[in-house]
S.K.: 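This is the structure, below, for whatever I ask next.
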Amino acid sequence: MPDKLLIITEKDMAARKIADILGDHVEVTRHGSGKQKVSSYAFDWQGRPTVAIGLRGHVMRTAFPDRYKRWSLKNLHEMIRDPDFVWVVDGGAQTVLGALRAASKGAQELIIATDYDREGELIGNEALAILGGEALKRHPHDDGAGKKRRKGGAEEPPPAEDAADAGTPHVRAMLPRAVVDRHHRVRYSALIAEEVKAAFAKPTTLDFHLADAARTRQDVDLLWGAVLSRFISLASYRYGAAYLSVGRVQTPTLRLIVDRERERRAFVPVPYWEVWADLEREGRQLTAGHAHGRFDAQAKAERAQAEADTPLATVTDYQTRPRSVKPPAPFNTTALMSAASSVGVSPSRAMRAAESLYLSGLISYPRTDNTVYPKALDLNGVAAGLTGYGPVAGIAAELAARPKLTATRGNKRTSDHPPIYPVGVPSSPLEGNEAKVYELVVRRFLATVMDAARIESQKLELSIGSQPFVARGSRVAEAGFLAVYGKYVAEREKPLPQVAPGDTFTVEAVRLEAKQTQPPGRLSQGTLIEKMEDMGLGTKATRAEIIQRLYDRTYVRGNPIEPTDLGMSLIAAFDAALDQAPVDISSPAMTARLEADMDRISEGELGWQAVLAESQEMLEHAWERLDGAIEDVRTVILEAVRRDQTLGTCHTCGGEIVAVTSRKSGKRFAACRGLPDEQAAAGETEAGGAAASGPASPGGGAAATQVADDASRSADAPPSGPAAASGEPAADAAAGAGEPADGEDTAPRRRGCGQTFPLPPFGQIAAAGKACPECGWPMIRIVGGRGSREQCIDYYGCPSNAALRERREARRNAAAEGRSTGTARRGRRRTKS
DNA sequence: GCAAGGTC
């Protein structure tokens with residue numbers, strides 16, 4: 001019997017493809033059960049029995065010991081100086097490890113075939129540690145299940161994978177030491193036959209320096225993230241789910257949004273004037289602008305207007321200029337997220353939809369940096385496959401029949417995966433975001449193999465009195481790729497009338513428009529994700545999640561993205577405390593510096609210990625400054641939270657109306673919490689000023705802010721209804737749950753007059769900054785993904801909300817009726833996805 | 001209840 005060979009990959013798809021490429025007949029075995037199934041692929045390769053199995057990304061992680069489990073300001077310094085990190089098996093990987101143990105049985109040779117990048121090298125190293133029995137199951141300084149036993153009485157059952165030896169600190173070895181030691185490592189840059197065969201023909205060994213670099217990146221990120229997240233949270237009384245987070249990627253990303261907001265606030269508008277002429281010829285309207293463009297003085301514009309005094313405008317020149325618009329480059333992850341954002345699908349939702357389409361076999365792997373199709377990709381074949389997709393069937397057939405298609409190329413060429421393209425056609429219609437993302441991928445692919453569009457730019461010059469005017473237009477001469485992709489690009493056809501010099505238009509009016517320069521716009525999610533890529537913040541697989549995290553923390557809201565006062569204050573706190581500091585985690589330079597250090601570790605120039613030590617030192621300095629300024633940090637953040645929560649003034653008692661989320665039901669309402677002066681009078685303490693977390697993607701549910709408050713204990717609690725507050729005791733709403741750690745400071749508690757209102761269940765709630773013209777109660781702004789709307793806070797009482805109430809009622813009745821016939825369930829699903 | 005990185 002020849003030696004059995006085990007091949008480990010980073011994901012199932014890679015194991016499956018390698019088996020297909022190297023083997024003739026592949027036998028699939030399913031391990032585990034339910035949703036967590038893992039497959040292994042058995043085949044013969046060069047006469048040897050071989051099994052390929054995919055992990056699911058990382059299977060080990062960096063862990064703190066239990067003594068740092070409790071959040072406390074008091075042990076942060078110790079955490080920095082002695083993080084006591086240990087590399088342990090990831091508790092979530094039990095199914096994968098069980099499958100690995102089964103698949104590796106009897107193997108005498110091992111090939112690591114994880115992705116060809118830094119994380120892939122680390123994942124390969126994790127596999128070696130586990131197979132060889134070196135991997136720790138838990139931190140050696142922790143006493144295992146001891147704590148659980150004390151608390152609950154019963155010991156936690158050991159993880160299924162290692163039931164046989166729950167007592168030992170290490171995972172039981174799966175392969176003999178010698179097999180692990182003489183492992184091979186193959187590096188393929190694409191999952192295509194020639195690449196894979198070439199890689200397996202000349203294997204090397206794992207690059208442990210590179211794996212060390214990746215592990216150090218994890219350590220540094222966790223250390224900075226944990227210490228600063230805890231510091232900021234504890235300093236501002238944010239306990240439990242209401243914690244505030246800080247990280248090497250998320251905080252500089254927040255800074256991008258905050259910087260833009262600061263520019264907007266600092267912007268000084270400059271007035272200017274424009275002169276426009278409304279013209280008519282043969283029943284067609286045309287608007288032409290003064291050829292001078294913007295006038296910086298009103299008097300000059302008025303003079304131009306006055307001198308445009310003839311009843312007819314005479315055409316003096318008519319020019320056309322051909323222009324070519326090139327089709328777009330193939331989609332990589334960032335470009336797809338950005339395009340999806342412009343059709344109303346947030347990056348994180350687009351990513352989820354793309355993942356699901358990939359798993360259904362409809363699109364290629366969705367996490368890629370590449371914007372150049374590999375040579376081996378059969379473009380005509382992909383087009384031919386799309387003839388089964390109705391909306392583009394005709395064009396796809398026409399393209400597939402062309403001799404040999406060529407595609408556009410983007411400027412990011414990597415070897416990880418091909419750009420994202422369609423690989424299948426849905427058998428039944430897709431819904432929601434999946435439908436949108438699939439259509440986008442299909443149309444984008446077709447666009448990349450189509451011809452450029454030819455646009456005719458038109459310019460019409462006219463004179464009115466002594467004044468020159470200009471009108472511009474455009475006409476699509478040849479649609480090219482716009483035939484399939486036109487709906488996603490700004491290119492609009494607006495042709496001018498066909499005229500010649502000497503022709504005339506009737507002048508209906510010559511208008512003066514006073515305008516002023518506008519501040520730079522807010523960033524859209526699409527623009528932000530592109531900026532992150534340009535700046536090296538995050539990766540293709542994480543950027544969408546990181547943007548979502550900023551919404552979840554209520555640092556930002558809406559799209560275009562608007563920072564909340566909390567988000568502004570967090571950056572302000574770092575600015576104040578870390579001004580001139582050698583390292584600031586809120587700066588994008590942090591990533592560049594870490595990358596440079598990782599390169600030096602992988603080159604063998606620097607040990608990981610030195611990099612971690614230096615990082616600890618920098619963090620210690622940062623923490624000292626922050627800790628020295630803790631009162632200021634607290635004040636800045638708490639004041640910002642108060643501004644974010646405050647919706648207006650209570651009509652009954654003059655106190656502040658604030659947004660509250662019930663901790664028990666998650667429902668939101670507004671409550672009076674009295675005047676700030678009453679803080680001292682109340683004389684009680686509790687954890688306060690916390691914000692709820694939740695899916696805050698625009699368009700989806702966003703969390704209002706949560707406060708500690710007694711207000712809704714009042715009998716005046718609003719009736720419950722579709723949008724009503726729960727009417728539950730406000731004790732539920734006591735922010736942040738949980739006990740403050742170690743008797744540390746807690747925020748003062750306040751009472752109000754008992755007035756409450758229900759709040760809408762979706763969208764972030766902000767003050768509109770004005771009183772309702774009908775009833776005088778504050779107006780609120782509900783910010784969602786498709787913009788914001790304003791309404792009176794008094795949902796049940798104010799006549800201005802009557803129409804809204806009727807619509808809700810009608811919808812609710814329709815839904816109730818539909819439920820009995822079964823039609824509403826489909827409708828609900830659609831709105832949810 | 002900490003991050004960011006894999007992947008599902």
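No hydrogens, no waters, no symmetry mates; every other heavy atom, side chains included, goes into these values.
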S.K.: With a 4.0 Å cut-off on heavy atoms, is A/Val220 in touch with a base, just the backbone sugar-phosphate, or nothing at all?
M.R.: nothing
S.K.: I want to check one thing: is the phosphate of B/dG1, taken as OP1 and OP2, less than 4.0 Å away from some side-chain N or O of A/Arg238?
M.R.: no
S.K.: What contact category does A/Tyr365 fall into here, base, sugar-phosphate, or nothing, at under 4.0 angstrom with non-hydrogen atoms?
M.R.: sugar-phosphate
S.K.: Distance check needed: B/dA4 P versus A/Arg553 CZ, whole Å only.
M.R.: 10 Å
S.K.: Indicate yes or no for a side-chain donor-acceptor contact from A/Thr542 to the backbone of A/Gly538 under 3.5 Å, with no hydrogens or angles considered.
M.R.: no
S.K.: Base, sugar-phosphate alone, or nothing: which one does A/Gly538 contact when heavy atoms must sit under 4.0 Å apart?
M.R.: sugar-phosphate
S.K.: According to a strict under-4.0 Å criterion, is A/Ser245 in side-chain N/O contact with OP1 or OP2 of B/dC2?
M.R.: no
S.K.: Closer than 4.0 angstrom, basic N to acidic O: yes or no for A/Arg255 and A/Asp575?
M.R.: yes
S.K.: With distance as the sole test, does A/Thr216 use its side chain to make a donor-acceptor pair with the main-chain N or O of A/Asp212 at under 3.5 Å?
M.R.: yes
S.K.: Classify A/Glu545 by what it touches in the nucleic acid, base, sugar-phosphate, or nothing, heavy-atom distance under 4.0 Å.
M.R.: base
S.K.: Can you tell me how far P of B/dG6 sits from NZ of A/Lys11, to the nearest Å?
M.R.: 10 Å
S.K.: Rounded to whole angstrom units, what separation is found between the CG atom of A/Leu612 and the C1' atom of B/dA3?
M.R.: 14 Å
S.K.: Could you tell me whether A/Arg217 contacts a base, only the sugar-phosphate backbone, or nothing, with contacts defined as non-hydrogen atoms closer than 4.0 Å?
M.R.: base
S.K.: Using heavy atoms to find the nearest nucleotide of DNA chain B for A/Thr62 and A/Gly57 separately, return the residue whose nucleotide is more 5′.
M.R.: A/Thr62
S.K.: It should be established whether A/Arg61 places a side-chain nitrogen or oxygen under 4.0 Å from OP1 or OP2 of nucleotide B/dG6.
M.R.: no
S.K.: So if I take every side-chain heavy atom of A/Glu355 and compare against B/dC8, B/dA4, B/dG5, which nucleotide ends up nearest?
M.R.: B/dC8
S.K.: Distance check: side-chain N/O of A/Tyr358 vs OP1/OP2 of B/dT7, anything under 4.0 Å?
M.R.: no
S.K.: With heavy atoms under 4.0 Å as the rule, sort A/Leu223 into base, sugar-phosphate or nothing.
M.R.: nothing
S.K.: With a non-hydrogen cut-off below 4.0 angstrom, is A/Arg248 in contact with a base, only sugar-phosphate, or nothing?
M.R.: sugar-phosphate
S.K.: Mind checking what makes side-chain contact (heavy atoms from CB on, under 4.5 Å) contact with A/Val26, not counting sequence neighbours?
M.R.: A/Ala19, A/Asp20, A/Tyr41, A/Phe43
S.K.: Consider only side-chain N and O atoms of A/Thr114 and A/Arg185, and report whether a donor and an acceptor are under 3.5 Å apart.
M.R.: yes
S.K.: Between P on B/dG6 and CD1 on A/Ile112, what's the gap in Å once rounded to a whole number?
M.R.: 18 Å
S.K.: Determine, answering yes or no, if A/Trp224 is stacked on B/dA3 under the 5.5 Å centre rule and the 30° plane rule.
M.R.: no
S.K.: Can you tell me if the side-chain N/O atoms of A/Thr539 get under 4.0 Å from OP1 or OP2 in B/dG6?
M.R.: yes
S.K.: Under the rule for side chain to side chain donor-acceptor pair (under 3.5 Å), what residues qualify as partners of A/Lys540, not counting sequence neighbours?
M.R.: A/Asp416
S.K.: Reckon A/Gln218 touches a base, only the sugar-phosphate, or nothing at all at heavy-atom distances under 4.0 Å?
M.R.: base
S.K.: Using atom CD1 of A/Ile80 as one end and atom C1' of B/dC2 as the other, report the distance to the nearest whole Å.
M.R.: 13 Å
